[in-house]
Every structure is written in structure tokens, then in C-alpha cells.
Asker: 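Starting off with a structure, shown below.
Whatever order the structure lists them in is the order used to number ligands and atoms, beginning at 1. For this chain, numbers begin at 1 and follow the sequence in order.
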Amino acid sequence: MADEVVLLSFWLSPFGMRIKIALAEKGIKYEYKEGNLQDKSPLLLKMNPVYKKIPVFIHNGKPICESLVIVQYIDEFWKETSPLLPSDPYLRAQAKFWADFIDKKIFECGRKTCMSKGEENEAAKKELIESLKVLEGELGEKRYFGGEKFGFVDLSLIPFYTWFYSYKTFGKFSMEAECPKLTAWAERCLEKESVSNSLAVQQKVYHFFGQMRKMYGIDQ
Ligand code: GS8
């Protein structure tokens with residue numbers, strides 16, 4: 001019997017984009033269900049009763065939550081095609097460390113940069129740029145974070161590319177000047193169809209943040 005694979009997500013979620021890329025890398029067909037975060041569906045509440053967040057991955061009726069957990073599950077279940085995590089235990093641990101860094105630093109500082117002004121914005125932007133530079137140091141001269149092949153750390157970070165335009169516009173800095181190697185890496189990742197077909201449009205994300213800023217009284 002064929003696997004029943006469902007992804008519950010929201011179009012601008014970098015976490016959801018990770019799952020789309022992982023499934024595309026593995027060549028897995030799935031049903032996509034777009035969520036409404038203002039009015040959460042009974043399905044989302046049932047499938048993720050703990051955090052009530054997207055993405056949720058439902059495999060043959062069984063839910064799996066938290067994007068990095070989901071990607072690891074996908075990599076283990078469909079292990080024959082395009083492995084995402086390295087097989088060496090030390091390198092696996094390192095890849096998970098950097099994915100965790102991306103969640104703690106890039107997501108948090110990026111969101112604050114997009115949703116603040118004044119001193120708060122300056123502080124968030126400073127920490128965001130510092131964190132991006134740390135990642136740039138880790139990338140070094142490599143093609144991808146894991147070496148020659150696109151893998152877990154690339155997949156964890158590249159969805160945030162769709163937020164880069166919002167970061168640099170609301171943070172008033174040049175991503176290309178601050179992080180030239182990371183910009184080139186992002187362009188390399190985008191050459192892969194599994195990535196380009198899974199990402200949201202930067203301007204659409206920017207427009208969304210613009211509306212949120214008005215809603216929260218950050219801009220007039
Ligand atoms: C984060 C999911 C998340 O923040 C993961 O899957 O990796 N650590 C989790 N999801 C957001 C949408 S993306 O910004 C979400 O569902 N928010 C709804 C809410 O907080 O109520």
C-alpha cells in the first residue's frame with residue numbers, strides 16, 4: 001500500500017519550507033494543506049495538541065511535529081534516496097548543532113529585526129548580522145555546509161533566504177555587503193529545483209511583514 005503523506009503548513013513558514021525541500025529531495029509525493037494561523041483548524045489542534053504550531057507532518061495517519069524532528073524522520077524513513085544527514089556520528093551531531101543555532105539565532109533575531117524599530121531594531125539587527133557571520137565562518141570555502149553535497153544544515157537555513165529581503169529592508173543593511181559568501185551560497189542552493197520550488201517569494205514575505213507592522217502599530 002502506498003504511503004499516505006500529508007503536510008500541514010503555512011506559506012511563509014521557513015519551518016514548513018524545510019519539509020517541502022526534504023520531500024522534494026527524496027522525491028516523495030504528498031498532499032499539502034495550507035493552515036490559517038489566526039483560526040487554527042481542528043486537524044492542526046488534533047495533530048499538534050502540545051504546541052498547536054505548523055508544520056505538522058502526517059505519515060499514514062500518524063503526526064510528527066517540529067521541523068527538525070520531521071526532517072530527521074523523513075531522512076531515516078526514506079534513507080535510500082538523497083541522504084540529508086551525514087552517517088558519521090560526530091558529523092551528524094555537528095549538523096544538528098548548527099540547525100539548532102539557526103533556530104535560536106537566525107529565526108529569533110530575524111523576526112525581531114522585521115518586527116521592531118529604533119533601539120530594539122538596532123540590537124536585533126546587530127545580533128542577526130553577527131549570527132549570519134558565524135554561519136559564514138562555518139561555511140568557509142565549502143560549496144555547502146556539509147561539503148560538496150546539499151544537506152541538513154543547508155536545508156535548515158535556506159528557507160530563511162525568503163526572509164532576507166525583509167531583514168535587510170527593515171534592518172537597513174546590505175546582506176550582500178555584510179555576508180557575501182552566504183549570499184553566494186544561497187544562490188547556489190536556489191539552483192536546485194528542490195529548493196527553488198519550495199521557497200516563498202521574498203517580496204510577498206516583505207509585504208506580509210509590512211501588514212503585521214501596521215497591525216502591531218510599529219509603522220503608521
Ligand atoms: C517552530 C514552528 C513555528 O514557529 C518548528 O517546527 O521547527 N520549532 C518549530 N510555527 C509558527 C509558524 S512559522 O513562523 C506557528 O505555527 N505559529 C503559530 C502560533 O505560534 O500560534
Asker: Using a strict threshold of under 4.0 Å (side-chain N to carboxylate O), is an ion pair present between Lys168 and Glu176?
Answerer: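 Between Lys168 and Glu176 there is a salt bridge, with a charged N closer than 4.0 Å to a carboxylate O.
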Asker: Taking only residues two or more places apart in sequence, or in another chain, which ones meet Glu66 in a salt bridge (charged side-chain N to carboxylate O under 4.0 Å, His left out)?
Answerer: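 Salt bridge (charged side-chain N to carboxylate O under 4.0 Å, His left out) list for Glu66, sorted by chain: empty.
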Asker: Please report the interatomic distance CG(Asp3) to NE2(His59), rounded to the nearest 0.5 Å.
Answerer: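 If I round to the nearest 0.5 Å, the distance is 3.5 Å.
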Asker: Could I get the full list of side-chain hydrogen bond (donor to acceptor under 3.5 Å, both in side chains) partners for Lys20, not counting sequence neighbours?
Answerer: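 side-chain hydrogen bond (donor to acceptor under 3.5 Å, both in side chains) check on Lys20 returns nothing, list empty.
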Asker: Enumerate the residue pairs fulfilling salt bridge (charged side-chain N to carboxylate O under 4.0 Å, His left out) with a member in residues 183-210, sequence neighbours excluded, ordered by first and then second residue.
Answerer: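 Qualifying pairs: Glu25-Lys192.
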Asker: Quick one: ligand 1 N/O to protein N/O pairs below 3.5 Å?
Answerer:
unit_1: ligand 1; atom_1: 6 (O); unit_2: Ser67; atom_2: N; d: 2.9
unit_1: ligand 1; atom_1: 7 (O); unit_2: Ser67; atom_2: N; d: 3.2
unit_1: ligand 1; atom_1: 7 (O); unit_2: Ser67; atom_2: OG; d: 2.7
unit_1: ligand 1; atom_1: 8 (N); unit_2: Glu66; atom_2: OE1; d: 2.8
unit_1: ligand 1; atom_1: 10 (N); unit_2: Ile54; atom_2: O; d: 2.8
unit_1: ligand 1; atom_1: 16 (O); unit_2: Ile54; atom_2: N; d: 3.0
unit_1: ligand 1; atom_1: 21 (O); unit_2: Lys40; atom_2: NZ; d: 2.5

Asker: May I ask you to decide whether Asp100 forms a salt bridge with Lys104, counting only side-chain N to carboxylate O separations under 4.0 Å?
Answerer: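 Counted as a salt bridge, because a side-chain N and a carboxylate O are separated by less than 4.0 Å.
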